[in-house]
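Values below: every heavy atom of this structure, side chains too, minus hydrogens, waters and symmetry copies. Numbering of ligands and ligand atoms starts at 1, following listing order.
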Amino acid sequence: MRIDVITLFPEFIDSCAGIGVVGRAQERGLLEVKTCNPRDFATDNHRTVDARPFGGGPGMLMTIGPLRDALQNVRAAAVQPARVIYLSPQGTRLTQEKVVELAHQERLILLCGRYEGVDERVLENLVDEEISIGDYVLSGGELAAAVVIDAIGRLQDGALNDAQSAEQDSFSGGLLDCPHYTRPVSDDLGAVPEVLMSGDHAMIRRWRRKQALGRTWLRRPDLLARVELDAEARTLLEEFRHEHRAAKNQQGGVR
Ligand code: 9D3
């Protein structure tokens, strides 16, 4: 897969795409991340890429010219057409489902905005879709592009191995992960739950599922509302609620 990123801060994207799972995917030739700076396509002596908005208001906008030429340049390097995605606070929210869909593409072009954004005519004519990574304000699209690249990159690496496809299932299963423990068994910070050292794999699976359900109930009721619970899940969640209530009463609100 090849991802081209159009950005005024190519070194930011380059440094992100060089490390960890994404860096390894690149080294293995599974993924190629390239940057293109619209400033290189500015035509004036000051290499201007922004201008004041018509109608007034605060801040500046990225102008059409350098973005159009950068896009054209990036497109020329490809045989097949690529989807152009603009990272934008006005976009639809990124989900793991969307990440999986994007990971199947042969090629993507990510466009990062700076200042107050880009001229609307770029979005209307040169962009296929807009994606936001969440409801908070960033200073530009680069960090969001890095999020998209990371999420896609880890799916390229190892071409969707067993653990990952299981994870996809559990994500579309829509629950949070259960707690995890490693050595030492006993520590000042507490003990490892007995069941995990019992060697009883049916019990362990049941405990993990119960914890996943319970945590999702406590922390992400919005996710829990969207999953369909089988008979075992309903029983486990009932048990968790019961244990949770008992623990809270025991504690009496004092830590
Ligand atoms: C006057 C209002 N503007 C500033 C508060 C709106 C605004 C313009 C540009 C807000 C943020 C940005 C820059 N953000 C992104 O480019 C961005 C983003 C984000 O801010 N949040 C979540 N996802 C994304 S994807 C791109």
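- E142 contributes atom CD, which lies 9.0 Å from atom CD of E11 (distance to the nearest 0.5 angstrom).
- Listed for the N125 side chain is a donor-acceptor partner under 3.5 Å among the backbone atoms of R121.
- With hydrogens left out, the protein atom closest to atom 17 (C) of ligand 1 is P89 CD, 3.7 Å, a heavy atom.
- Nearest to atom 21 (N) of ligand 1 among the protein's heavy atoms is Y136 O, 2.8 Å.
- Within 6.0 Å of atom NE2 in H180, more than 12 heavy atoms from other residues, nucleotides or ligands are found, so the atom counts as buried in its surroundings.
- At a 4.0 Å cut-off, at least one heavy atom of I131 sits close enough to ligand 1 to count as contact.
- At the shortest separation from atom 23 (N) of ligand 1 among protein heavy atoms lies I133 N, 3.1 Å.
- For ligand 1, the atoms lying closer than 4.0 Å to a non-hydrogen atom of G134 are 21 (N), 22 (C).
- Close N/O approach between G141 and ligand 1 is found [any backbone or side-chain N/O within under 3.5 Å].
- Residues A233 and R209 share a closest heavy-atom pair of CB-NH2, 3.6 Å.
- Note on ligand 1: G117 sits outside its first shell, no heavy atom being nearer than 4.0 Å.
- One N or O on the side chain of Q156 and one on the backbone of A103 form a donor-acceptor pair closer than 3.5 Å.
- Two residues are said to be in side-chain contact when any heavy atoms from C-beta on lie closer than 4.5 Å; E116 and M60 fail this criterion.
- The shortest non-hydrogen separation linking R219 to P221 is C-CD, 3.4 Å.
- For atom 25 (S) of ligand 1, the closest non-hydrogen atom of the protein is S88 N, 3.3 Å.
- Considering only non-hydrogen protein atoms, atom 7 (C) of ligand 1 sits nearest to E116 OE1, 4.1 Å.
- Atom 12 (C) of ligand 1 has L138 O, 3.6 Å as its closest protein atom, hydrogens excluded (heavy atom only).
- Every atom of ligand 1 with a heavy atom of A144 under 4.0 Å away is listed here by number and element: 25 (S).
- Residue-ligand proximity, Y115 to ligand 1, at heavy-atom distances under 4.0 Å covers atoms 9 (C).
- Listed for the Q26 side chain is a donor-acceptor partner under 3.5 Å among the backbone atoms of A17.
- When all heavy atoms of I204 and G199 are compared, the closest pair comes out as CD1-N, 4.3 Å.
- Applying the 4.0 Å criterion to heavy atoms of V137 picks out, from ligand 1, the atoms 5 (C), 10 (C), 11 (C), 20 (O).
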